[in-house]
Amino acid sequence: MSALEPLLQVSNLQRHFPVRNVLGVRTGTIKALDDVSFDVRAGETFGIVGESGCGKTTLGKTLAGIHTPTAGRIRFEGVEISALQGAARAGVSQRLQYIHQDPGNALDPRWTIARSLDEPLATHTRLSRAERAARSREILAAVGLPAEHLHLYPHELSGGQQRRVGLARILTLKPRLVVLDEPTSGLDVSIQATVLKLLKSLQRAFDLTYLFISHDLSVVHVMCSRVAVMYLGQIVEIAPVADLFAAPRHPYARSLMAAIPRIGGRRVTDTFALEGEPPDAGKLPSGCRFRARCPHAMAVCAEREPVLAGEKGHQTACHLAEGIVPARP
């Protein structure tokens with residue numbers, strides 16, 4: 001892998017799910033991911049945002065190997081990993097880890113924290129039992145939990161503590177890239193702040209790269225260096241976080257920015273409210289998938305699907321960004 005090459009490169013990634021009736025006959029397809037492309041540089045925190053159902057979690061699970069890509073390429077550390085299986089894929093999984101939205105459900109309720117931390121080490125390393133125990137204590141301390149917690153069960157921990165254990169379990173294998181799927185969902189604001197601070201400190205201490213999936217734009221603003229906005233399985237805008245929040249270009253991104261709560265003052269996008277519901281993912285409209293909810297929709301929006309374009313740092317998939325002017329009423 002070249003020093004200048006991105007740690008992760010995703011090219012034209014697709015993940016489709018069949019739709020079947022009660023008889024098991026296939027009646028359609030849900031395109032959860034449809035031609036998704038982006039890259040992640042080593043050491044950065046790359047955000048993925050969008051409404052529920054846009055494909056954020058499917059993207060994270062496909063990158064981690066939980067879902068098999070329908071088409072497209074995933075290149076990690078300079079190696080094509082899309083088609084890897086068995087031991088070859090397991091080797092990659094040590095360095096590319098996924099943390100579930102609900103860490104409590106990811107922990108076996110019958111296992112103590114000590115056993116949960118020991119299991120990945122016993123599976124993927126040749127460390128002795130004493131060495132594994134020492135690694136577990138070391139990692140638990142790194143996430144801010146005392147060694148006494150090793151003897152507890154998941155139900156005896158708070159939501160914030162369960163998230164720390166989930167992080168510890170991942171860090172035992174010394175990954176390079178961690179996919180964080182809604183890492184602060186369901187937590188009180190004060191606990192969210194503590195978890196975010198911990199994530200930043202762990203990133204520095206363990207030289208981690210994060211793919212940060214979240215619907216909370218305020219958290220993304222704090223954590224991420226670049227952000228991709230997803231809508232119905234596609235990326236509609238990619239930009240540095242400061243650029244996206246200051247001047248979003250895609251109408252959908254603008255609507256998301258307008259929805260961020262703010263006490264006092266006004267936003268430049270305050271008047272652009274998002275209305276309606278996304279269309280059925282199994283019956284996508286022609287052309288732009290956002291056109292039915294967009295106040296700037298034009299005839300071309302129904303005829304041709306926009307593609308990501310613009311300067312390399314800030315790209316948008318919108319006919320308005322291509323310079324097409326809406327017809328006057």
G60 and I213 have their tightest heavy-atom pair at CA-CD1, 4.0 Å
Test your reading of the model: is there a side-chain donor-acceptor pair from D188 to the backbone of S190, 3.5 Å cut-off? no
I'd like to check the salt bridge (charged side-chain N to carboxylate O under 4.0 Å, His left out) partners of D108; sequence neighbours left out, ordered by chain and number. R110
Test ring pair (Phe, Tyr, Trp, His ring centres under 6.0 Å) applied to F212 - qualifying residues, sequence neighbours left out: none
R15 side chain vs T68 backbone, donor-acceptor pair below 3.5 Å: yes
Side chain of K56, backbone of M230: donor and acceptor closer than 3.5 Å? no
Does anything in residues 191-213 form a side-chain hydrogen bond (donor to acceptor under 3.5 Å, both in side chains)? List the pairs, not counting sequence neighbours. T45-Q203
Could you tell me whether the side chain of T27 and the main chain of V19 form a donor-acceptor pair under 3.5 Å? yes
Examine distances only and state if a side-chain atom of S116 and a backbone atom of L107 form a donor-acceptor pair shorter than 3.5 Å. no
What I want to check is whether the side chains of E80 and S82 have a donor and an acceptor closer together than 3.5 Å. yes
Distance-only criterion, 3.5 Å: show the donor-acceptor pairs between side-chain atoms of residues 144-154 and protein atoms not counting sequence neighbours.
{"residue": "H149", "atom": "NE2", "partner": "Q161", "partner atom": "NE2", "Å": "3.4"}

Residues that S52 engages under side chain to side chain contact (heavy atoms under 4.5 Å, CB included), provided they are two or more places apart: none
Measure from the side-chain N and O atoms of H319 to the backbone N and O of R304, and report whether any donor-acceptor pair falls under 3.5 Å. yes
Partner of I139 under side chain to side chain contact (heavy atoms under 4.5 Å, CB included), chosen from I170, T172, L121, L167: T172
Where is the tightest heavy-atom contact between P248 and R254, given as atom of each residue plus distance? O-CG, 3.3 Å
Contact summary for S37 and I238, nearest pair of heavy atoms: O-CD1, 4.0 Å
Quick note, ring-ring contact (aromatic ring centres under 6.0 Å, His included) partners involving residues 155-199, not counting sequence neighbours, are none
Taking only residues two or more places apart in sequence or in another chain, which ones pass salt bridge (charged side-chain N to carboxylate O under 4.0 Å, His left out) with E119? R169
R115 meets the side chain to side chain contact (heavy atoms under 4.5 Å, CB included) criterion, sequence neighbours left out, with W111, T112
Measure from the side-chain N and O atoms of R164 to the backbone N and O of V143, and report whether any donor-acceptor pair falls under 3.5 Å. yes
Which pairs pass ring-ring contact (aromatic ring centres under 6.0 Å, His included) with one or both residues in residues 213-242, sequence neighbours excluded? H221-F245, Y231-Y252, Y231-F290
The side chain to side chain contact (heavy atoms under 4.5 Å, CB included) partners of E311 (sequence neighbours excluded) come to R249, H314
Which residues share a salt bridge (charged side-chain N to carboxylate O under 4.0 Å, His left out) with R132, sequence neighbours left out: D118
Taking side chain to side chain contact (heavy atoms under 4.5 Å, CB included) as the test, write out the residues that go with V189, two or more places apart. none
Counting N and O atoms only, with roles assigned by atom type, does the side chain of E44 sit under 3.5 Å from a partner on the main chain of S225, one being a donor and the other an acceptor? no
